[in-house]
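Residue numbers start at 1 and run along the sequence shown.
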Amino acid sequence: MAANLAAIQLNRIRSRRQRQDAISKSLPAPVGGWNKRDAAADMDARDAIDMINWVPGATDVGVRYGYSQHATGLGGQTETLTVYNSATASKMFGFVGSVAYEVTSSGAVGASVLTGLTNARWQYVNVSTSGGSFMLCVNGADKLRGYDGTNWWTDGDATHDITGVDTATCIDITVHNNRVWLIQKDTLLAWYLPLSAIAGAATSFDFRSIVKKGGELVSMTTWTIDAGYGMNDHAVFITSKGEVPVYIGIDPSSAATWSKIGLFEIGAPIGNRPFQKWGGDVILINYDGLTPLAKGLQSSRLDPRVNLTDKIRGAMADATSNYGTTFGWQVIDFPKQSLLILNVPVNTGSQEQYVMSTITKQWCRFQGWNANCFALFNDNLYFGSNGYVGKAWDTLADAGANINTSVVQAFNYFGSRGKNKRFTMVRPVFNTNGSPSIFAGINVDFNVTAPNGTVAFTSPGYATWDSGVWDTALWGGGLEVSQSWQGVNGIGKCAGMSMITATAGIELRWLATDYVFEPGGVI
């Protein structure tokens with residue numbers, strides 16, 4: 001009997017010692033974003049190994065917003081969205097296969113506005129002249145199409161004729177200093193129209209004696225640079241070999257008003273929409289990453305840190321290697337939400353986006369938006385998908401379905417790099433206005449797999465203002481702190497929490513993560 005009592009007392013002492021040996025540590029949510037550059041053993045505690053549908057902010061990390069189906073019934077993959085803008089009207093059009101539809105209004109589309117097209121991969125510009133406001137579009141296979149706010153026309157209709165170049169061979173179009181420029185496919189020829197004109201005789205500008213590596217012209221953009229004595233618009237061209245001739249001036253036919261600034265080398269461009277204006281700069285999608293021209297033309301090949309995608313350079317290298325020739329690459333600035341979005345065409349109908357917060361310059365990636373193309377229309381973000389045009393960042397669900405997230409936090413040694421630890425509990429701390437479905441696990445010693453579990457979430461069905469009945473309908477409240485311990489089991493020298501969530505109709509913002517572990521020995 002005495003021996004039994006002694007054994008019980010000894011077990012109690014051991015149990016108390018074990019409880020006393022347990023250590024609790026708290027780490028911030030991964031506001032440092034997705035890191036595919038640094039070694040997993042030397043990553044900042046505020047970073048994440050992977051980060052899907054979480055957006056890093058300055059003080060917390062939030063689940064991205066979802067989308068609604070804005071226009072439906074398009075009958076196929078919407079590969080181009082064009083936006084017509086004038087002083088009095090804005091309209092949006094979606095190109096699908098051999099036809100185009102107006103998708104300005106929400107709901108089912110009406111009759112097609114264009115038919116008989118060879119493909120749906122168009123480039124476009126808006127042009128304003130004394131005769132009105134126009135949208136001009138080219139796709140490298142069909143004659144140039146134009147729109148005046150009411151009617152569509154085709155180059156060669158005897159009213160809007162462009163001579164000198166067959167516009168069916170033009171793959172890109174832009175406006176530089178009130179002059180329309182066209183890029184002819186499979187050549188090193190650019191063509192320009194008369195000043196402030198949408199038709200007339202096109203004049204060629206030949207780059208064969210200018211570039212050194214051959215290839216063909218891919219695209220052109222206007223780059224505004226402050227040279228210290230005023231703003232200057234530079235004409236920037238890029239070839240398939242990554243050579244970038246830059247010019248300044250108004251009239252390419254006059255040496256007095258048109259001169260070459262330089263010929264630069266950069267990574268070869270990706271896709272047929274490689275340029276995007278970004279504030280006072282221009283971003284280029286190329287095999288080096290997302291390169292801002294202001295810094296990249298002189299140093300991106302020597303110093304990859306100038307690329308905006310430097311922190312996810314590993315993911316960019318994999319994506320460009322695997323999908324570099326797939327249609328759908330596009331970068332778009334979404335100022336309303338301070339996001340820069342790079343569309344990555346993993347497969348047709350299964351795209352993802354690499355997304356950077358323009359406030360913190362940190363990255364994440366989105367899944368669930370199967371976008372072939374993006375466009376800004378009335379400051380809102382839209383994308384073309386299979387059979388519909390989606391309005392992004394519009395709801396707290398993906399067309400009524402759950403928004404699913406996945407994340408693996410950076411591995412942390414918790415102050416003892418060489419010693420084992422037994423991890424027993426984790427507690428993610430959130431601000432939320434609902435009850436999200438959360439499944440958390442622990443990853444040890446550089447295992448980066450997501451938790452082996454599923455989450456199912458049923459929306460509480462919050463009421464809509466002006467339609468819900470007071471004292472009967474369920475109304476959403478403000479954000480409140482939510483924190484619950486979840487049991488885990490892992491033994492290793494370092495660890496990071498992995499987590500999957502599902503939400504619809506509620507907000508979820510991640511503040512911190514608490515860990516409980518028991519320290520062990522070296523072996």
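Partners of Phe275 under the side-chain contact (heavy atoms from CB on, under 4.5 Å) rule, at least two apart in sequence or in another chain, are Ser219, Thr221, Val236, Ile238, Val282, Leu284, Leu293. Every side-chain contact (heavy atoms from CB on, under 4.5 Å) that Pro56 has, sequence neighbours left out, goes to Met51, Gln362, Cys364. Glu79 is linked by a salt bridge (charged side-chain N to carboxylate O under 4.0 Å, His left out) to Arg121, counting only residues two or more places apart in sequence or in another chain. In this structure Asp47 satisfies the salt bridge (charged side-chain N to carboxylate O under 4.0 Å, His left out) test together with Lys311, sequence neighbours excluded. Among residues two or more places apart in sequence or in another chain, the side-chain contact (heavy atoms from CB on, under 4.5 Å) test is passed with Ser357 by Ile359, Thr360. Applying the salt bridge (charged side-chain N to carboxylate O under 4.0 Å, His left out) criterion to Lys91, with sequence neighbours excluded, gives no partner residue. Checked against salt bridge (charged side-chain N to carboxylate O under 4.0 Å, His left out), Glu352 has the following partners two or more places apart in sequence or in another chain: Arg365.
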Let me see the working for Ile438 and Phe430 under side-chain contact (heavy atoms from CB on, under 4.5 Å), right down to the final yes or no.
CA-CA 11 Å; Ile438 300 166; Phe430 301 106; 3.2 Å; yes
Could you give me the CA-CA distance, side-chain angles and deciding distance for Ile506 and Thr432, then say whether side-chain contact (heavy atoms from CB on, under 4.5 Å) is met?
CA-CA 7 Å; Ile506 65 172; Thr432 184; 4.1 Å; yes
Pair Phe334-Thr358, side-chain contact (heavy atoms from CB on, under 4.5 Å): steps then yes or no
CA-CA 9 Å; Phe334 186 22; Thr358 58; over 6 Å; no
I'd like to know whether Met92 forms a side-chain contact (heavy atoms from CB on, under 4.5 Å) with His70, so could you lay out the CA-CA distance, the side-chain angles of the two residues, the decisive distance to 0.1 Å, and finally the verdict.
CA-CA 12 Å; Met92 183 165 58; His70 169 74; 4.3 Å; yes
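For Asp60 (side chain) and Ala29 (main-chain N/O), no donor-acceptor pair under 3.5 Å exists by modelled atom type. Panel note: side chain Trp393, backbone Asn380; no donor-acceptor pair is recorded below 3.5 Å.
A ring pair (Phe, Tyr, Trp, His ring centres under 6.0 Å) check over residues 44-63, counting only residues at least two apart or in different chains, returns the pairs Trp54-Trp510. Screening residues 395-416 for ring pair (Phe, Tyr, Trp, His ring centres under 6.0 Å) gives Phe411-Phe446, Phe414-Phe423, Phe414-Tyr515, Phe414-Phe517 as the qualifying pairs, with residues at least two apart or on separate chains. For residues 395-407, the salt bridge (charged side-chain N to carboxylate O under 4.0 Å, His left out) pairs, not counting sequence neighbours, are Arg64-Asp398. The salt bridge (charged side-chain N to carboxylate O under 4.0 Å, His left out) contacts involving residues 321-343 comprise nothing, where partners must be two or more places apart or lie in separate chains. Pairs engaging residues 268-287 under the salt bridge (charged side-chain N to carboxylate O under 4.0 Å, His left out) rule: none recorded [sequence neighbours left out].
Atom CZ of Arg427 has more than 12 neighbouring heavy atoms from other residues, nucleotides or ligands inside a 6.0 Å radius. Around the CZ atom of Arg37, the shell of radius 6.0 Å holds more than 12 heavy atoms that belong to other residues, nucleotides or ligands.
Contact between Gly418 and Lys493 at its shortest, heavy atoms only, is O-CE, 3.5 Å. When every heavy atom of Asn343 is checked against every heavy atom of Gly328, the shortest pair comes out as ND2-O, 3.0 Å. Between Gln409 and Pro30, the closest heavy-atom pair is NE2-CD, 4.0 Å. Leu74 approaches Tyr388 most closely through the heavy-atom pair CD1-CA, 4.2 Å. For the residue pair Leu81 and Ala375, the shortest heavy atom distance occurs at CB-CB, 3.7 Å. A pairwise comparison of heavy atoms in Ser105 and Ala71 identifies O-CB, 4.3 Å as the closest pair.
A distance below 6.0 Å separates the ring centres of Phe383 and Tyr67.
For the residue pair Gln367 and Asn53, no side-chain donor N or O sits within less than 3.5 Å of a side-chain acceptor on the partner. There is no side-chain donor-acceptor pair under 3.5 Å between Asn307 and Thr309.
Summarising the geometry, atom CG belonging to Asn412 is positioned 11.0 Å from atom OG1 belonging to Thr513; distances are rounded to the nearest 0.5 Å. Atom OH of Tyr65 is separated from atom CD of Glu507 by 4.0 Å, given to the nearest 0.5 angstrom.
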